[in-house]
Asks: 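Before anything else, here's the structure in question.
Whatever order the structure lists ligands and atoms in, that order sets their numbers, starting from 1. Bear in mind that the values here come from a model prediction, so they are computed numbers and not experimental data.
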Amino acid sequence: MYHETKCDQCGDCFVTCQWIEADKDQAVIWINQLRNGDHAEVLDKCITCYACNEYCPNDANPFDLVAELQEKYHTPITEDTVSQMEQRYVFSGELKDIPEADRIMSLCVFSRTDAHLIQGELYDLPTVAGKPFFCWVMFSHMAGESVQKKHARELVDRLAQTKAKEVVCFHDDCYSILAKLAPDYGIDVPFRPIHLSEYLVEYLTANKSRLKPLNIEIAYSRPCASRFTPEKEHFIDELFELVGVKRVEREYDRLNAMCCGSTKMMLTGADPKPDQEKNFIDAKNAGAKAMVCLCPICMHSFSMISQEQKLPILFIGDLARMALGEIEVPV
Ligand code: SF4
Ligand code: SF4
């Protein structure tokens with residue numbers, strides 16, 4: 001939620017934006033247009049990387065205002081397209097074979113699209129997956145924030161049917177909705193969401209004597225949804241320490257992370273390749289031998305640039321599997 005009273009109209013959010021050119025004067029005009037509920041050019045140009053929520057020094061959540069008004073003005077995605085997409089993900093059948101356990105893992109829709117990333121002992125716990133457990137955060141990217149809000153309650157209620165006290169979230173987006181967005185919407189979440197990185201740290205710590213340090217320098221590609229829950233970031237560093245990799249210091253990391261750019265193509269039709277190139281060259285110049293991703297969608301988005309730049313992409317869960325000796329270190 002945008003906090004009008006916290007915003008001093010400084011314009012820093014849009015000046016800092018990596019995807020839109022705006023000087024201070026322009027940014028101040030835009031934020032004031034948005035505060036009045038008016039259309040502003042930034043609505044058409046925003047690629048919904050969510051970063052300005054984290055850039056704002058006053059925690060005013062400017063992206064939330066952008067998202068609300070992108071929906072109001074149906075830009076850059078039309079109302080019909082949003083509605084068609086919503087229908088694609090709605091589940092109206094009966095839930096069957098729901099596991100009951102104190103701890104479960106929610107795989108969102110990735111058990112079908114990225115099953116190769118969900119292998120081995122780390123994932124040997126009861127899971128739920130598929131359409132009924134889709135997290136809807138994608139709609140923040142497509143002028144449909146209210147769709148995400150509308151379906152958040154169903155997701156929470158379906159997960160609660162497992163009677164789990166803890167739900168491990170395979171995807172950063174799922175963690176965002178359960179740990180941050182649903183509570184912001186006033187939805188009671190009757191279990192503790194656990195981020196994948198926290199789960200991996202816990203698992204590896206319990207199996208520390210088995211770990212073989214990987215001894216490689218890596219760059220980390222922080223995904224867009226991490227802007228919603230930056231407080232869990234320390235688990236990422238703890239995980240890297242446990243598996244014995246060094247996260248290189250570089251320009252496009254942490255607060256200044258650059259998202260994968262997949263939404264740039266979707267929302268503006270522009271090729272994100274030049275931005276991805278900057279990101280990968282930055283990683284290589286800092287000495288990284290691989291780009292580690294938390295989000296499978298980033299991995300898909302980076303597949304071409306990874307080959308061109310000869311910098312392999314590794315899934316963060318696979319780092320844990322490598323340290324456990326389950327799979328080979330490919331670099
Ligand atoms: S949202 Fe934050 S960064 Fe943007 S104008 Fe308001 S106070 Fe400044
Ligand atoms: S969400 Fe990202 S692209 Fe959109 S205005 Fe904020 S920083 Fe810029």
Asks: Verify the neighbour count for atom CZ of Arg192: are there more than 12 heavy atoms of other residues, nucleotides or ligands below 6.0 Å?
Replies: yes

Asks: Please write down residue, atom name and distance for the protein heavy atom closest to atom 2 (Fe) of ligand 2.
Replies: Cys49 SG, 2.3 Å

Asks: Parallel, tilted or perpendicular, judged at 30° and 60°: which one describes the rings of Phe228 and Tyr50?
Replies: tilted

Asks: Holding to side chain to side chain contact (heavy atoms under 4.5 Å, CB included), I want the full list of residues that pass it with Leu95, two or more places apart in sequence or in another chain.
Replies: Phe91, Ile98, Pro132, Phe133, Arg158, Gln161

Asks: Enumerate the atoms of ligand 2 whose separation from the nearest heavy atom of Tyr50 is less than 4.0 angstrom.
Replies: 1 (S), 2 (Fe)

Asks: Would Glu54 and Arg254 count as a salt bridge (Lys or Arg N to Asp or Glu O under 4.0 Å) if you check the C-alpha gap in whole Å, the side-chain angles of each, and the deciding distance to 0.1 Å?
Replies: CA-CA 10 Å; Glu54 210 179 359; Arg254 302 192 190 270; over 6 Å; no

Asks: Under the salt bridge (Lys or Arg N to Asp or Glu O under 4.0 Å) test, which residues partner Lys264, sequence neighbours left out?
Replies: Asp275

Asks: Does this structure show an ion pair linking Lys273 with Glu308, if we count only N-O contacts that are shorter than 4.0 Å?
Replies: yes

Asks: Strictly under 2.8 Å, how many protein N, O or S atoms lie near atom 8 (Fe) of ligand 1? Waters don't count.
Replies: 1

Asks: For atom 3 (S) of ligand 2, state which one of Leu267, Ile47, Thr263 supplies the nearest heavy atom.
Replies: Ile47

Asks: Looking at Phe315 versus Phe170, is the centre-to-centre ring distance below 6.0 Å?
Replies: yes

Asks: Restricting to pairs with a member in residues 181-208, which pass ring pair (Phe, Tyr, Trp, His ring centres under 6.0 Å), not counting sequence neighbours?
Replies: Tyr175-His195

Asks: Show which atoms of ligand 2 fall inside a sub-4.0 Å distance from at least one heavy-atom site of Cys17.
Replies: 3 (S), 7 (S), 8 (Fe)

Asks: If you count the non-hydrogen atoms of other residues, nucleotides and ligands that lie under 6.0 Å from CD in Glu100, is the total more than 12?
Replies: yes

Asks: Taking only heavy atoms of Phe63, which atoms of ligand 2 are found under 4.0 Å from at least one of them?
Replies: 1 (S)

Asks: Quick one: which ligand 2 atoms are inside 4.0 Å of a heavy atom on Cys52?
Replies: 1 (S), 5 (S), 6 (Fe), 7 (S)

Asks: Mark up the atoms of ligand 2 that fall under 4.0 Å of a heavy atom belonging to Cys46, in ascending order.
Replies: 1 (S), 3 (S), 4 (Fe), 5 (S)

